[in-house]
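Quick caveat, the model's predicted, so the values are computed rather than measured. Values reported hereafter were calculated over all heavy atoms of this structure, with side chains retained and with hydrogens, waters and symmetry mates removed.
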Number of protein chains: 8
Amino acid sequence: MANPLVSIIVGSASDAEEIAPARHALKRFGIEHEAKVLSAHRTPGELVAYLQDAETRGVKLIIAGAGMSAHLGGVVAAHSRLPVLGVPFSSGHLDGMDALLSFSQMPGGVPVSTFGIGKAGAKNAAYQAARILSLFNPDIKERMNQVLDEDKAQILGRSLPEI
Amino acid sequence: MANPLVSIIVGSASDAEEIAPARHALKRFGIEHEAKVLSAHRTPGELVAYLQDAETRGVKLIIAGAGMSAHLGGVVAAHSRLPVLGVPFSSGHLDGMDALLSFSQMPGGVPVSTFGIGKAGAKNAAYQAARILSLFNPDIKERMNQVLDEDKAQILGRSLPEI
Amino acid sequence: MANPLVSIIVGSASDAEEIAPARHALKRFGIEHEAKVLSAHRTPGELVAYLQDAETRGVKLIIAGAGMSAHLGGVVAAHSRLPVLGVPFSSGHLDGMDALLSFSQMPGGVPVSTFGIGKAGAKNAAYQAARILSLFNPDIKERMNQVLDEDKAQILGRSLPEI
Amino acid sequence: MANPLVSIIVGSASDAEEIAPARHALKRFGIEHEAKVLSAHRTPGELVAYLQDAETRGVKLIIAGAGMSAHLGGVVAAHSRLPVLGVPFSSGHLDGMDALLSFSQMPGGVPVSTFGIGKAGAKNAAYQAARILSLFNPDIKERMNQVLDEDKAQILGRSLPEI
Amino acid sequence: MANPLVSIIVGSASDAEEIAPARHALKRFGIEHEAKVLSAHRTPGELVAYLQDAETRGVKLIIAGAGMSAHLGGVVAAHSRLPVLGVPFSSGHLDGMDALLSFSQMPGGVPVSTFGIGKAGAKNAAYQAARILSLFNPDIKERMNQVLDEDKAQILGRSLPEI
Amino acid sequence: MANPLVSIIVGSASDAEEIAPARHALKRFGIEHEAKVLSAHRTPGELVAYLQDAETRGVKLIIAGAGMSAHLGGVVAAHSRLPVLGVPFSSGHLDGMDALLSFSQMPGGVPVSTFGIGKAGAKNAAYQAARILSLFNPDIKERMNQVLDEDKAQILGRSLPEI
Amino acid sequence: MANPLVSIIVGSASDAEEIAPARHALKRFGIEHEAKVLSAHRTPGELVAYLQDAETRGVKLIIAGAGMSAHLGGVVAAHSRLPVLGVPFSSGHLDGMDALLSFSQMPGGVPVSTFGIGKAGAKNAAYQAARILSLFNPDIKERMNQVLDEDKAQILGRSLPEI
Amino acid sequence: MANPLVSIIVGSASDAEEIAPARHALKRFGIEHEAKVLSAHRTPGELVAYLQDAETRGVKLIIAGAGMSAHLGGVVAAHSRLPVLGVPFSSGHLDGMDALLSFSQMPGGVPVSTFGIGKAGAKNAAYQAARILSLFNPDIKERMNQVLDEDKAQILGRSLPEI
């Protein structure tokens, strides 16, 4: 893939389904992305090597998804100065509350933008990526406005059944 | 103030101290901001009017801070297509857990980047603003890199006392 | 529908089943209602327009149901001075605890009556609507007393099996 | 006191300060109230006797405030068919989370309108009382609209300090 | 049933399966019990009438099981001076945490012995009843000792499979 | 002390103030008790030795108070067949929630009656001891009825201040 | 089995599947273990007898797995001076949060190393055992390094599907 | 310091007081340690460099203390194959629950032994270090046994005051 603007990293291949809404949404926005399985805990060296290269290759934003202790977002934000968007997954027994806190409660100076647990959060990370890239990319802005207008039209057409 | 790039909105004037770390950090990054007290619940019309005007005036990012039910982030993200960075405050009796969930658990399609509870989160929202604006503003990028290097130097100089 | 006294608003058409107990209970009480899908986040303008019209058309009470961040109750209470009854849904990964806090922990001055999570809460919102409307509508009061007496008779007839 | 429209019941005299915002707000709305210390657990007979008498004496709404297990709201709703507004207090070690759940998670058919924990919730119970009584009392409606307008003017006058 | 020593009360007939382990355990201990469906909220008068009669008829202990707000234990302890053993059920969306807090966090002076959530708690309430009745009933003590010895023999015979 | 009916055990001498309400209440009921500092973790042998002796010496009930992991209740219930009443303390950082769960969530077959966190729970353990001992000791029953009547008279005399 | 270095104890035979990942991992590391069902609550004497013997027989580490109140880890650490590694299980209604707190929140002086809830925690207890035994056993160290390298190779081979 | 067996790392110099009980306990056990301020987020390169050197210099165990997101334990365990003992601190607004989950809920294969929140956990990490080092160092074993005996003697001498 030539020139992806967004990099998506998940800690485990088993997170594929949870992160999919982010990837589908980026596609709708016409934003190229690359997706990697790299673990802060099990492949730390490879993760750091990947991050050092990413900015040079033109990546603008990193979406990091992980469950449980979910150190991925913090480790990515420690090794890259690009904006990091974190998506907590509900793997494990605590419904993703552990991952939500692990992403959001970062010490001052190392920011990770945290979104909701699971698929809704994954989708929102992509929507936020579109908002950020729209600040300086008019094509993405135009496509984003189309998508947001379609979303709104869709909900306006809905109603509750007779009862 | 001519041309602020960042708008900071808090739901109550009593949040001044909690949001201050965001404002101080923006100053360190050399990023102009304007700060407003506008409530999603008590001044909804004024909030919407302010948001419609903000993008035209050159605002690129909105930092929204609120405690308790903390609907401010969601309402801002509903009425503006700029990136919204949310800071949950610990006002009320639940240590900010209510606000953390209210900011982060947004439905798919309306993103709010959520940071940690209180002052650490406020600081991180500003640091994330710097990362985002650095994507297309080289002056901010240079200043951000200086600040991050200073931060690192400061922690490297620290040690634990003899015991 | 001519002259509904109660308006039910949910944030998503997928909430239809969760809000149904409120609608069935209103029917038992002989209270007309209208039901709308309107989102505080995705159709904010339409929601506000609907609310401005509602009181004039004779609506007395608004029941708002939503899950996750659940800003709907607060936004409705910000744009209408009618009593708002909020029902948190358990959509998302946190069993509705996020929505329960988002409905109940409102800042002082903008009240939302919050009920329990899910169907029991939906039913109770309708029962509370009946109690409120009974204060000045003797027909509803009479019908409410019949329903409450039937409920009580039903539970009195129940027993545990031999063991 | 002749003819109070609202009855306030707290489970303990030590709750006086927590419930005070409800009483002050009712005063601002020009709504007469009576305030009682009656416990669902320690004076159950007196509580039931009081409730049976209340409706006859003209009481329209009951605000019940309690901490910890907080059965007061449910017991009041079981013995009266008036609308019950519940305010959870943060007495005990769990910051009021116990009381919030005890008020809100009522079984279907016995509604208690629950507000936020502590003083903000107490204030909101009174504001909701004003909204409800305004449905059929034009004097209260007029006074409520004045109060809500004053509240809004007050917040519009506020700003954050220079930094 | 002549002369039950233990009364079991649940708030809803749908709790039959959850309370069953208490009833089976009482049977193993040779302790007669009666089981009633009576609700603190929906049949408060009948509950109080039942309680006033129970002590006279020879009941020594009351086991109360309920879910969600779970005011049953507190109401029983308010209207009877017999020991009350409470079993929180996991009905509703919060896994029984609401009921656990509602049973245990009683104000000083009105005790409810709380056991674990669901079937393990129900079983333990019966085992505690056996321990209490054994204090003054040698037949129950003898039978309890047999049951406890059987329980221990059963676990000692267990092992983990080869792996 | 000759012939105490109740044994109070706490895991640490620093729990003295938290358990005091149990001891004061037992005194009001005229129930003799002995109080020991014995830890399930730090003095397990001494604890077991004490428990084996207690029943022979006439102890009828054991009140166990502990914070944090709070294994004391379970260990006492494992080594004695007397009724065990557990009081969770709020030592540590989690407000006693850890101790509440550790006391209450016992596996089936080993019951610990759990009361609320801290002083209210300590008081209630003593009140429950009085209810249990009243089942077969008329002197304690008479004294308990006096105390309960005094408690009720005290709350009936209370009112909220003018406002 | 001659000379197991690790002893695994679970409180119930029904925990067999949850603890299995610890046993499989130990096998991969070439570390002999023995596995016992012994309960802190139901077979306390047998547990203590087993522990007194274990160190003499050459056991170096004890892995204790239990759910709910989960006193097993603390009781083992009280009766043995070997390192104790605790694995909380999610049996019961609270997803293992009760067991996690019961294992970790030990009073100062009686350490239990706590791992995550369920199978991931069980696996990690075994991996930690390998790290500890590697400190003085070169064979285990060599085998551990092989296993860790295999684990890493496995994750590096994974990727997300095209989308 | 020549040849420390234990390395203590905290993420911030402000953690000095929280980690002190670990350092004092190690001193009592006669175990040399070195203490460093190194952050997984703010000085990741320096942390990794330190870890690569530590094992060579003779360090056997690493105690990592951190608050909030608390990724330190996981990052240390990712870059070192020594046993890692984690101590969650209560910095931030969530009483250390965020840090407790971030330390303990590690993915399978990367173990961090987690202890309780704050000073009790810090003390226990040192006590566990003594248990581990005693497995192959008889001097430490002898000194540990002395300390544990002193601890026990101290608690046996304690009693509750007369009342």
Side-chain angles (χ1 to χ4, degrees), chain E residues 5 21-22 25 55 59-62 77-78 80-88 96-97 100-101 103-137 141 144-145 147-152 154-155, chain F residues 5 21-22 25 55 59-62 77-78 80-88 96-97 100-101 103-137 141 144-145 147-152 154-155:
Chain E
L5 293 175
E55 191 170 353
V59 167
K60 299 297 182 199
L61 293 168
I62 299 169
S80 170
R81 292 181 174 181
L82 297 174
V84 181
L85 312 186
V87 184
M97 183 54 93
L100 175 63
L101 297 180
F103 270 112
S104 60
Q105 287 288 89
M106 290 291 292
V110 192
V112 176
S113 288
T114 303
F115 297 90
I117 298 165
K119 288 175 182 166
K123 183 177 175 184
N124 275 343
Y127 273 65
Q128 190 73 310
R131 288 184 178 223
I132 292 170
L133 297 173
S134 291
L135 293 175
F136 54 95
N137 183 324
K141 185 172 187 176
M144 175 183 80
N145 282 328
V147 168
L148 295 183
D149 291 344
E150 286 167 25
D151 283 2
K152 188 175 162 179
Q154 193 180 31
I155 191 177
Chain F
L5 293 175
E55 190 170 352
V59 167
K60 300 298 183 198
L61 293 169
I62 299 170
S80 170
R81 292 182 172 180
L82 296 174
V84 181
L85 312 186
V87 184
M97 182 54 91
L100 175 63
L101 297 180
F103 270 111
S104 59
Q105 286 288 88
M106 291 291 291
V110 192
V112 176
S113 289
T114 303
F115 297 90
I117 298 164
K119 289 175 181 165
K123 183 177 175 182
N124 276 343
Y127 273 65
Q128 189 74 311
R131 288 184 179 222
I132 292 170
L133 297 173
S134 291
L135 293 175
F136 54 94
N137 183 323
K141 185 171 187 177
M144 176 183 79
N145 283 329
V147 168
L148 295 182
D149 292 344
E150 287 166 26
D151 283 2
K152 187 176 164 179
Q154 194 179 29
I155 192 177

Margin query: Given 3.5 Å as the limit, does a donor-acceptor pair link the side chain of R131(E) with the main chain of P111(F), or not?
Written below: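 No: the side chain of R131(E) does not pair with the backbone of P111(F).
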Next item on the list: Compare every heavy atom of Q128(F) with every heavy atom of L85(E), then report the nearest pair and how far apart it is.
Entry: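 Closest approach of L85(E) to Q128(F): CD2-NE2, 4.3 Å.
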As an exercise: rank [options] by heavy-atom pairs under 4.5 Å with chain E and give me the winner.
options                           : result
L101(F), N145(F), L61(F)          : N145(F)
G116(F), A25(F), S113(F), A126(F) : S113(F)
P83(F), A120(F), S104(F)          : P83(F)

To the nearest 0.5 Å, what is the distance between [atom1] ([X]) and [atom2] ([Y])?
X       : Y       : atom1 : atom2 : answer
L135(F) : N137(E) : CG    : CG    : 11.5 Å
M97(F)  : L100(E) : CE    : CG    : 7.5 Å
I132(F) : L133(E) : CD1   : CG    : 9.5 Å

Checklist line | Residue pair Q105(E), I117(F): steps toward the side chain to side chain contact (heavy atoms under 4.5 Å, CB included) verdict | finding: CA-CA 7 Å; Q105(E) 287 288 89; I117(F) 298 164; 3.8 Å; yes
Margin query: Is V84(F) close to chain E through its backbone or its side chain, or both, or neither, when contacts mean heavy atoms under 4.5 Å?
Written below: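 Contact with chain E involves both backbone and side-chain atoms of V84(F).
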Checklist line | Engaged part of K141(F) at the chain E interface, taking heavy atoms whose separation is under 4.5 Å | finding: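 For K141(F), the side chain is the part near chain E, not the backbone.
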Checklist line | Residue selection (most heavy-atom pairs with chain F, distance under 4.5 Å) from K60(E), R81(E), K123(E), E55(E) | finding: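 The option with the most such pairs is R81(E).
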